[in-house]
Amino acid sequence: MKGAYLHIPFCEHICYYCDFNKFFIQYQPVDEYLESLETEIKTTVNQYGAEDMETIFLGGGTPTALDHDQFETLLKTINNHLLHPGIQEFTVEANPENMTEEKLKLMKKWGVNRLSVGVQTFNDSLLQSIGRAHTSAGATQGIELAKSMGLTNISVDLMFGLPGQTEQDLETSIDQALALDPAHISIYSLQVEPRTIFYNRMRKGKLKLPAEEIEAEMYETIISRLQDKGFHQYEISNFSKSGFESRHNLIYWNNDEYFGFGAGAHGYLEGERTVNAGPMRSFLRLVQEQGTSMVSHHPVSQQEQIEEEMFLGLRKIQGVNKHNFYHKYDRTVHELYGREINDLKHRGLLYETDHFLALTHNGIFLGNEVFQAFLG
Ligand code: SF4
């Protein structure tokens with residue numbers, strides 16, 4: 001099974017926490033970018049084939065920041081070169097302020113069957129303080145409009161551990177998300193990354209984040225509140241109704257292969273990790289010169305594959321399938337990691353069944369510590 005990730009690196013505003021590859025959309029060569037993206041897709045699909053592809057994820061940046069004609073051009077390109085009857089999931093990342101009837105109609109028309117909506121929080125003052133452009137009411141309206149138009153497979157994407165966020169704020173946001181009856185909720189804690197506005201504020205001592213213990217309590221609240229409402233946690237930060245797990249993201253966690261199209265996108269094809277040029281000029285020039293913007297590709301050694309299999313697989317609540325692992329690598333997880341596994345089990349961070357090796361409840365909270373043990 002294979003997926004395709006397409007990156008649209010344009011945004012109408014820059015959020016204070018964001019370290020993605022993105023550019024302020026004004027004055028950017030958007031039309032030229034879309035043409036180059038099509039060239040890159042054609043060249044790559046010719047080389048690798050897309051018959052076994054099952055998911056498409058259009059992310060960014062903000063794909064929905066494109067104007068009507070540009071957005072339709074992009075969706076047509078995807079239909080012409082990637083969308084085939086075997087595609088089970090076609091997700092578009094949408095920002096609430098762009099979820100207009102016009103854009104939603106285009107998505108329906110061109111085969112989009114899942115939306116991942118970047119709400120982050122339903123608290124207006126928190127939205128403002130993290131640099132988002134929408135309001136809580138706008139997010140609610142956008143999601144309700146999408147549902148009324150038949151786009152019902154919706155993920156509400158939230159954040160926690162925001163500056164000034166209280167547990168009460170978080171609970172209210174979760175309840176407002178649940179009131180919209182989404183199929184999926186993803187909820188990540190804020191990470192302050194270099195080259196972001198928040199990072200600069202933090203260095204100046206001007207960013208007040210919730211204490212670690214409060215953040216752990218918030219995470220506990222998230223798990224119990226969502227589980228109470230019938231959502232099952234299938235990955236550290238992802239919860240869904242049964243049958244609505246993100247197939248595309250499962251490709252990453254299952255360590256399966258995927259195309260990466262667009263500026264700065266990463267891919268994993270025929271055992272090689274690929275990286276595309278991030279800066280706009282380099283992206284456009286490379287596609288013109290060589291048909292793709294790939295700047296590096298490196299074969300993943302078996303050792304690296306095994307490590308990735310462990311730390312990606314353990315992100316899933318189900319854990320690593322020990323039989324699949326043995327079939328893939330001809331060695332059992334115990335032959336390779338017996339000491340580490342015993343130690344982590346002893347510390348109550350891992351547990352084991354006949355088929356799976358998985359994080360315990362405590363292990364979910366200390367995931368990074370567990371993953372570290374499997375890295376060479
Ligand atoms: S978080 Fe999304 S909308 Fe905000 S700047 Fe980053 S890519 Fe753009």
Side-chain angles (χ1 to χ4, degrees), residues 5-30 33-34 37 57-67 70-71 74 91-100 103-104 107 112 114-136 138-139 141-143 146 154-165 173 177 184-202 207 209 237-238 246 248-249 252 260-266 276-280 283:
Y5 173 77
L6 292 94
H7 192 71
I8 305 302
F10 307 114
C11 294
E12 290 168 318
H13 61 273
I14 302 300
C15 307
Y16 303 160
Y17 54 87
C18 178
D19 73 332
F20 299 144
N21 190 42
K22 80 286 173 189
F23 311 100
F24 187 51
I25 193 165
Q26 218 178 1
Y27 311 125
Q28 285 293 326
V30 179
Y33 182 83
L34 295 178
L37 187 65
F57 193 102
L58 182 56
T62 316
T64 49
L66 302 181
D67 71 25
Q70 290 163 342
F71 195 45
L74 171 63
T91 304
V92 171
E93 244 174 26
N95 272 2
E97 67 271 24
N98 307 127
M99 289 172 70
T100 58
K103 293 230 169 96
L104 293 164
M107 291 193 238
V112 174
R114 184 171 182 273
L115 294 179
S116 174
V117 185
V119 177
Q120 318 313 357
T121 164
F122 283 91
N123 177 316
D124 283 339
S125 66
L126 280 177
L127 281 169
Q128 235 182 12
S129 73
I130 61 174
R132 299 292 290 183
H134 64 272
T135 58
S136 166
Q141 264 165 25
I143 291 169
I154 292 178
S155 176
V156 173
D157 303 335
L158 299 174
M159 295 175 84
F160 71 102
L162 300 172
Q165 188 178 35
S173 270
H184 187 282
I185 293 182
S186 72
I187 182 157
Y188 287 87
S189 69
L190 172 73
Q191 304 296 319
V192 180
E193 305 286 355
R195 294 188 304 276
T196 60
I197 294 169
F198 273 173
Y199 187 77
N200 286 336
R201 283 191 194 165
M202 193 174 73
L207 191 71
L209 297 169
S237 306
N238 285 274
S246 161
H248 184 80
N249 287 341
Y252 302 141
F261 299 117
H266 291 221
N276 290 353
M280 184 55 60
F283 173 81

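All ligand and atom numbering here is 1-based and tracks the order in the structure. Hydrogens, waters and symmetry mates play no part in the numbers below; they use all other heavy atoms, side chains included. Predicted model, so just to flag it, every value in this text is computed and none were measured.
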Within a strict 4.5 Å, meaning less than it, do heavy atoms of the Q70 and F10 side chains meet? no

Under 4.0 Å from a heavy atom of N95: give me the atoms of ligand 1 that qualify, with their elements. 3 (S)

Does any non-hydrogen side-chain atom of D19 lie less than 4.5 Å from one of P194? no

Atoms of ligand 1 under 4.0 Å from any heavy atom of H13, numbered from 1 in the order shown, are 5 (S)

E12: heavy atom below 4.0 Å from ligand 1, yes or no? no

Can you tell me if H134 uses its side chain to pair, donor with acceptor, with the backbone of G142 under 3.5 Å? no

Test item: side-chain donor near acceptor, N98 and E12, under 3.5 Å: yes

With a 4.5 Å limit on heavy-atom distance, are the side chains of R114 and H184 in contact? yes

The protein N, O or S atoms lying under 2.8 Å from atom 6 (Fe) of ligand 1 are C18 SG

Indicate yes or no: at least one non-hydrogen side-chain atom of L115 is less than 4.5 angstrom from one of M99. yes

Partner of Y33 under ring pair (Phe, Tyr, Trp, His ring centres under 6.0 Å), chosen from F261, F283, F23: F283

